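Since the structure comes first, as structure tokens, the remarks are kept for the end.
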Amino acid sequence: MKIRSILKLCRLPFRTNRAASVIRRCTSIVVSFAFLLAPVSPVLFPHSVAAHPAPPPPPPQGGCDVDSFNNQIQHVIYIQFDNVHFRRDNPNVPSDLEQMPHLLNFLENNGTLLTNHHTPLIAHTADDILTSLTGVYPERHGQAVSNSFNYFNPNEPDGLGSTFTTSFTYWTDVVDPSTPSADPSFSLLTPDGKNAPAPWVPFTRAGCNVGAVSIANMELENTGNDITNVFGAGSPEAAEAASNSSQATKDFVGIAIHCAASSSLCNTAQVSKDVLPDEPGGYSGYTALFGHKYVVPVIAPSGLNDLFGNPITGFPGFGGISAAQTLAYVAAMQENGVPVTYAYISDAHDSHSPPFRAFGPGEQGYVAQLQAYDNAFNDFFTRLANDHITPANTLFIVTADENDHFAGGTPINPGCDGSPGNYCSYNTNNASPNAHSLGEIDTNIQSLLGKVDPTLDFTKTPFDIHFDMAPAFYISGQPATGSPIARQFELDTAKLTAVNPITGNTDQLTRYLIDTPGLAFLHMITGDPLRTPTFVMFGTGDYYFQTYGADLAVNSGFAWNHGGVAPEINITFLGLVGPGVKAQGVENELFTDHVDIRPTMLALLGLKDDYQSQGRTIAEILQPWVEPSGVEKSGGNFTQLAHAYKLINAPTGPLGLAILGISTRALKGDSDTYNNLESKISQITLVRNSLAGQMADELNAAEFHGHRISDARAEGLISAANALAEYVNSLAEGGE
């Protein structure tokens with residue numbers, strides 16, 4: 001980007017006493033970006049090495065050969081919860097982690113628990129898990145907007161096409177292989193249209209078998225495309241899926257082992273080829289076992305019981321897999337030749353057995369489930385210790401995909417604390433909502449839009465949304481950003497209000513609005529333009545938006561909303577325990593987000609990906625002797641540059657939130673305001689991308705290539721980041 005374009009970013013009318021500070025700010029920006037965009041000496045910075053690493057060597061013949069400090073790490077156990085909270089949802093009721101003291105104490109006493117850990121956007125289970133697994137934001141794994149999207153097919157009568165679930169599919173699935181005219185792009189997609197690199201690759205190349213238990217997309221997710229993709233359309237597995245989908249789910253879905261090339265574990269008749277068509281550096285000769293039916297015989301030949309002794313006769317299902325079940329699979333894998341395991345545990349705040357409904361904080365059923373989870377972790381850690389799998393030789397990583405907004409009122413007994421004899425109670429009568437009701441407010445957004453603007457003709461201009469707290473709007477025909485029909489929908493959506501049936505208050509339903517320029521800043525534009533919505537509305541927490549039914553209806557079946565933008569949703573936790581991790585307990589100030597998990601894990605293990613992540617190694621929680629050589633040589637330059645990098649690049653970091661505010665002002669405004677602010681967001685994004693890209697190159701080179709970040713380079717990049725942040729914050733405060 002030319003300096004002249006940057007000057008346009010700085011142009012403010014000289015109408016106020018802020019003119020002098022503006023001149024100083026813009027001078028700083030110009031000087032910083034002049035430095036930033038100057039040619040970089042390859043001696044000072046090996047850009048080509050960081051951006052395009054050489055293909056990795058072939059795996060060793062035998063054994064799991066990671067290169068951790070003094071070879072101390074022999075096992076890796078990665079666990080990701082669905083919506084389990086460190087913070088309290090009711091100040092009187094202990095939080096989820098507080099009600100699992102065996103897990104909480106394990107993390108606090110043996111490692112570091114980061115509680116200012118953030119999600120990407122949109123904050124959804126699949127988006128967040130995939131971001132955590134890969135170390136890249138949704139723009140680079142293809143799941144940027146929702147767990148499903150409407151791809152636009154001109155052959156469809158309404159011009160919208162069908163809604164496809166793209167997030168919960170096996171790693172190499174395409175969106176819709178059913179017909180030649182369907183969408184052939186990979187569900188997990190890079191910006192250049194290739195299949196995203198898979199997270200198990202560095203481990204299997206190092207000779208390590210990798211297990212997956214219910215974690216997003218590392219095992220089969222359904223009995224449709226996933227079965228035919230892996231086993232083939234004419235296979236016995238496909239025949240079973242066609243005749244008995246329920247049994248096929250138990251047999252083939254949810255569990256997998258990705259085997260090292262030299263592993264004897266996969267020398268069975270049930271082995272499948274592990275095919276990754278676009279893996280950088282190639283990936284041939286590897287195999288995998290898919291499903292409980294084929295995995296359990298090699299990890300538990302006599303059959304598998306959960307940690308409480310109950311038989312597991314097939315995959316329990318994603319929606320309700322408990323800690324006792326997930327951790328039993330993990331323990332059996334770790335004990336039987338699978339030293340790297342990734343696992344998922346479902347939420348505790350919903351009832352997973354009839355009657356299915358949401359719980360409120362402190363309800364007896366909620367407390368009982370957390371107690372069962374805690375007992376499972378107690379048994380799990382005891383069993384591992386008996387197997388000599390401990391923090392002395394194992395890297396434990398525990399996190400949650402996101403947190404939730406509790407959509408409910410106060411308990412009927414407001415003094416309750418969730419203890420026996422003092423459980424909390426809520427009104428679950430949907431027909432008679434009151435201040436003690438539990439449940440989201442289902443909202444017919446099409447009906448409400450029609451009342452805001454009767455000129456909207458949904459027969460001539462149909463639209464669809466991703467049903468959510470944060471609906472993504474798809475208007476028929478994919479109108480251009482800023483087109484009259486797009487602007488009409490955006491302006492009308494900004495006006496949406498509703499009388500809350502629980503509180504009686506009139507609520508503004510739209511918290512933030514954002515279209516293509518802002519989505520690009522937040523890393524939410526993928527390599528498939530069919531997935532890009534016209535705009536996204538981030539709604540108010542208690543509301544869930546759909547396009548049918550009553551205008552407003554309380555639904556006690558669901559009471560925990562995520563997807564939106566709010567601290568209680570976007571701030572979660574990350575715990576690390578193991579050799580080289582500082583035992584410093586709770587750390588509640590350091591800003592991290594999901595992309596930082598991957599590089600931190602690999603740095604500890606002495607491994608690296610064949611692509612560059614968008615995260616950074618969390619060096620602040622590592623012992624000095626395990627820091628990568630480049631990080632050690634860079635000293636404070638590394639952490640200071642990392643902080644500046646997160647400032648400008650994290651979607652729910654300070655600049656991301658500021659851009660959300662600016663975008664909302666643009667989409668609510670008149671034509672001049674809209675065009676002016678949208679142009680500035682686009683220019684800011686270009687500058688940020690250039691700056692963040694160079695920061696990421698420096699950080700990655702230090703983490704994985706021994707590069708020292710020089711004082712001059714760090715100071716220049718940090719100065720540029722601060723200048724950009726100052727400008728964006730000024731614009732967010734109402735500057736022009």
Side-chain angles (χ1 to χ4, degrees), residues 55-59 130 133-134 136 140-143 165-178 182-190 192-213 215-241 248 251-295 298 338 340 342 527-528 609-611:
L130 290 167
L133 297 181
T134 60
V136 298
R140 284 179 53 189
H141 60 63
Q143 311 304 312
T165 298
T166 61
S167 296
F168 294 115
T169 60
Y170 181 60
W171 206 270
T172 59
D173 268 11
V174 299
V175 173
D176 178 22
S178 61
D183 191 333
S185 63
F186 287 103
S187 174
L188 292 173
L189 189 72
T190 64
D192 58 356
K194 295 182 178 180
N195 192 202
W200 61 86
V201 169
F203 299 105
T204 54
R205 283 178 174 161
C208 311
N209 297 321
V210 179
V213 181
I215 196 80
N217 298 42
M218 286 180 63
E219 68 289 306
L220 307 191
E221 296 268 357
N222 58 69
T223 58
N225 293 345
D226 283 11
I227 294 284
T228 55
N229 177 12
V230 170
F231 293 112
S235 64
E237 293 84 1
E240 180 179 320
D251 286 344
F252 310 126
V253 170
I255 308 295
I257 297 174
H258 298 274
C259 288
S262 58
S263 173
S264 61
L265 202 67
C266 281
N267 290 338
T268 71
Q270 291 77 30
V271 71
S272 300
K273 289 184 178 180
D274 205 359
V275 178
L276 295 172
D278 296 326
E279 193 67 30
Y283 194 76
S284 61
Y286 292 86
T287 55
L289 294 167
F290 293 98
H292 178 100
K293 182 176 181 178
Y294 296 150
V295 168
V298 303
V338 187
V340 180
Y342 286 84
D528 181 1
D609 278 315
D610 47 22
Y611 61 91

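Just so we're clear, the structure is a prediction, and the values are computed from it rather than from any experiment.
Contact between Ala260 and Gly207 at its shortest, heavy atoms only, is CB-C, 3.3 Å. When all heavy atoms of Asn225 and Val175 are compared, the closest pair comes out as ND2-O, 4.1 Å. Scanning both residues, Ser272 and Phe231, for their nearest heavy atoms gives OG-CE2, 3.5 Å. In terms of heavy-atom proximity, Pro202 sits nearest to Asp609 at CG-OD1, 3.2 Å. Residue Ala216 comes nearest to Trp171 through the heavy atom pair O-CZ3, 4.3 Å, listed as atom of the first residue, atom of the second, then distance.
For Thr287, the side chain to side chain donor-acceptor pair (under 3.5 Å) test picks out no residue, with sequence neighbours left out. Scanning for side chain to side chain donor-acceptor pair (under 3.5 Å) contacts around Asp192 gives Thr190, with sequence neighbours left out. In this structure, the side chain to side chain contact (heavy atoms under 4.5 Å, CB included) partners of Ala241, at least two apart in sequence or on a different chain, are Thr223, Ile227, Ala248.
The CG atom of Asn195 sits 9.5 Å away from the CG atom of Asp173 when rounded to the nearest 0.5 Å. Of the inter-residue distances, the one linking Ile255 atom CD1 with Ile215 atom CD1 reads 11.0 Å to the nearest 0.5 angstrom. To the nearest 0.5 Å, the span separating CG on Leu130 from CG on Leu188 amounts to 5.5 Å. To the nearest 0.5 Å, atoms CG (Leu220) and CG (Asn222) are separated by 7.5 Å. Taken from CG in Asp610 to OH in Tyr283, the straight-line distance is 10.5 Å, to the nearest 0.5 Å. How far NZ of Lys194 is from CZ of Phe186: 10.5 Å, rounded to the nearest 0.5 Å.
Taking the six-membered ring where the residue is Trp, Tyr170 and Phe290 present perpendicular rings, their angle passing 60° and hence far from 30°.
Formation of a donor-acceptor pair under 3.5 Å by the Glu221 side chain with backbone atoms of Asp226 is not found in this model. The backbone N or O of Met218 sits less than 3.5 Å from a side-chain atom of His258, completing a donor-acceptor pair.
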TODO: Tell me, with the steps shown, if Glu240 and Asp251 meet side chain to side chain contact (heavy atoms under 4.5 Å, CB included).
DONE: CA-CA 10 Å; Glu240 180 179 320; Asp251 286 344; 2.6 Å; yes
Open item on the list: Run the side chain to side chain contact (heavy atoms under 4.5 Å, CB included) test on Val275 and Thr172 for me, step by step, so that the C-alpha distance in whole Å, both residues' side-chain angles and the decisive distance to 0.1 Å come before the verdict.
Closed with: CA-CA 8 Å; Val275 178; Thr172 59; 5.7 Å; no
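By the 4.5 Å heavy-atom criterion applied to side chains, Asp274 and Cys259 are not counted as neighbours. Side-chain atoms of Leu289 and Cys266, non-hydrogen and from C-beta on, do get closer than 4.5 Å to each other. Considering only heavy atoms from C-beta on, Ser187 comes within 4.5 Å of Gln143 through its side chain. Val201 places a side-chain heavy atom less than 4.5 Å from the side chain of Leu276. For the pair Val340/Trp200, no side-chain contact is recorded, criterion being any heavy-atom separation below 4.5 Å from C-beta on. The side-chain heavy atoms of Val253 and Glu219, taken from C-beta on, include no pair separated by under 4.5 Å.
With no hydrogens or angles considered, a side-chain donor-acceptor pair links Glu237 and Tyr294 at under 3.5 Å.
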